[in-house]
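Note that this is a predicted model, so its numbers are computed, not measured. Proteins get letters first, then strands, A, B, ... in listed order; numbering begins at 1 in each.
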Amino acid sequence: MSPDFSKKLLDWNKKENNRAMPWKGETDPYKIWLSEIILQQTRVEQGWAYYEKFVKAFPTVHHLAKAPSQKVFKLWEGLGYYTRCKNLIETAKKISKDYNGKFPNSYEEIKSLKGIGPYTAAAIASFAFNLPYAVVDGNVERVLSRYFGINTPVDTTSGKKIYAELANAFLDKKQAGIYNQSIMDFGAVICKPQNPLCKVCPQQKDCQAYKHGLIEILPVKAKKLQKKERWFYYFIIEFDGGIYIRERRENDIWQSLYEFVLYEAKHAITEKDMLRSDVIKHVFGKQKIAINKISNVYKQQLSHQTIHVQFIHIAITKPILVEEYLLIRRKDLMKYPFPKSIAVYLNELKVS
DNA sequence: AAATCGGGGTC
DNA sequence: GACCCAGATTT
């Protein structure tokens, strides 16, 4: 173990780190919190524009707390992991009301808030209040795993414990915020997942992974996720200038987002099968329907699922009554948050 | 302890 | 196609 790991890290930060981000150096805990929620499992480049949109739309936690949740979700649209948005709204309301708009300043209290786990609590505590809590994100795990040559899988309970203890042991407690920022920047800029810049790395001579040729091996992950395939057939049913949509509420992907009348199948089906589906029978009964237009099949790749999506346009002359579906005005369609695949299709429709 | 939850960039 | 990203929560 090299005692000067922290010193070299801070030295690198001071002299060579020129990574710039809109929330860097921010002292308002509200904005720090906002940035951290947006960045969970999300690349800085992807979250950047969302952060700026949110800060502009909701300059304070009160603005966010009193905003209609549909508007907040619309701003979040396309960013993924939508329960983050749900928790964001819930926590904003709590801080606005119970805390009078003032963010709590103890680690335990911060961590008790919805959507804030060990990483985010440490980030807020250290960046906003300079409290001595080490962040452990993917960057930190990678840096520590390589530097100390640890092959305990990062995605296990024992692994998490080891990396958390190491991170806290090497944390510079007098400048926790700067230290935390430094180690994450270092992981993102130098000790990258692929093709790390070992040639210019200031820690090279003490790095166990470099010494033993394990850079490509570390860090280790135990599990690999398995994938599912699903086929979504969306019926875009128009009646008298309106369209039927509903909010997804089940325990499944895209909770709180909206969708058209859905028939899900376990495999690809034909047009005839679509019309024979239970959904269609349920929705239309014996009313005769005609397909106006049928789209290509689009493929949306999630981390753990492949979704095949097709849109079937249907116009009807009598309204249908289906629980949970709303008949909304066509011009209001874009006010609702949709999954990426639907949002993309709707944009194509507008253009063409 | 394992499974879920998105979307995008990189190799 | 596989891996990873400023992880958290539910099962």
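When the nearest nucleotides of DNA chain C are assigned to A:N251 and A:W23 by heavy-atom distance, the more 5′-ward of the two goes with A:W23. Along DNA chain C, the nucleotide nearest A:R84 and the nucleotide nearest A:P193 are compared for position; the residue whose nucleotide lies closer to the 5' end is A:P193. Taking the nucleotide of DNA chain B with the nearest heavy atom to each of A:K340 and A:K223, the more 5' of the two is matched to A:K223. Residue-to-nucleotide proximity on DNA chain B shows that, of A:W254 and A:Q194, the 5′-proximal contact is made by A:W254.
Between C:dA6 and B:dC5, the distance separating the two P atoms is 23 Å to the nearest Å. Spacing of P atoms, B:dG8 relative to C:dA8, comes out at 22 Å, to the nearest Å. Straight-line distance between the C1' atoms of B:dA1 and C:dC5: roughly 23 Å, to the nearest whole Å.
Aromatic pair A:F235/A:Y263: centroids not less than 6.0 angstrom apart. A distance below 6.0 Å separates the ring centres of A:W76 and A:F54.
Under the 6.0 Å distance and 45° angle rule, A:K102 does not count as a cation-pi partner of A:Y99.
If you check every strand for non-hydrogen atoms under 4.0 Å, A:V44 touches sugar and phosphate atoms only. Within 4.0 Å of A:Q300, counting heavy atoms only, lie sugar-phosphate atoms of the nucleic acid but no base atom. At a threshold of 4.0 angstrom between heavy atoms, the contacts of A:E141 with the nucleic acid are absent. No engagement by A:G187 is indicated, since no non-hydrogen atom pair under 4.0 Å with the nucleic acid exists. Residue contacts shown for A:N180 are absent, as no nucleic acid heavy atom lies under 4.0 Å away. At a threshold of 4.0 angstrom between heavy atoms, the contacts of A:Q305 are confined to the sugar-phosphate backbone, with no base atom among them. Using a 4.0 Å heavy-atom cutoff across all strands shown, A:T83 reaches no nucleic acid atom at all. Residue-level contact check: A:T120 touches the backbone only, with heavy atoms under 4.0 Å from sugar-phosphate atoms and none from bases. Nucleic acid contact for A:K114: sugar-phosphate only, since backbone atoms but no base atoms lie under 4.0 Å from a heavy atom of the residue. Within the nucleic acid shown, A:I116 comes within 4.0 Å of sugar-phosphate atoms alone, with no base atom in reach, counting heavy atoms only.
Counting to the nearest Å, the P atom of C:dA8 and the CD1 atom of A:I37 are 8 Å from each other. One atom, OH of A:Y50, and another, P of B:dG8, lie 7 Å apart when rounded to the nearest Å. Going from atom NE2 of A:H304 over to atom P of C:dC3 covers 16 Å, rounded to whole Å. A:R248 has its CZ atom 9 Å from the P atom of B:dG6, to the nearest Å. Per the geometry, NZ belonging to A:K192 stands 12 Å off C1' belonging to B:dG9, to the nearest Å. Following rounding to the nearest Å, A:Q301 (CD) and C:dG1 (P) show an atom-to-atom distance of 8 Å. When the P atom of B:dG6 is taken as reference, atom CG of A:L302 falls 7 Å away, rounded to whole Å. In this structure, A:R43 atom CZ and C:dC3 atom C1' are separated by 9 Å, rounded to whole Å.
Across A:I38 and A:R84, no two heavy atoms sit closer than the pair O-NH1, 2.8 Å.
Using a 4.0 Å cut-off, no side-chain N or O of A:K111 falls inside it from OP1 or OP2 of C:dA8. OP1 or OP2 of C:dG7 has at least one side-chain nitrogen or oxygen of A:Q41 nearer than 4.0 Å. Residue A:Y82 has a polar side-chain atom (N or O) positioned under 4.0 Å from OP1 or OP2 of B:dG7.
For A:I253, the listed nucleotide lying nearest its side chain is B:dC5; candidates were B:dC5, C:dG7, C:dA6. Candidate nucleotides C:dA8, B:dG7, B:dG6 were compared by shortest atom distance to the side chain of A:Y119, and C:dA8 ranks first. Nearest nucleotide to the side chain of A:R19, out of C:dC5, C:dA8, C:dA6: C:dA6.
Under the 30°/60° scheme for interplanar angles, the aromatic rings of A:Y30 and A:W33 are found to be tilted.
A:S295 contributes no side-chain N or O that, together with a main-chain N or O of A:Q310, makes up a donor-acceptor pair within less than 3.5 Å. Side chain of A:E238 to backbone of A:A315: no donor-acceptor contact under 3.5 angstrom is found.
A donor-acceptor contact under 3.5 Å is not formed by the side chain of A:T42 with the base of B:dG7.
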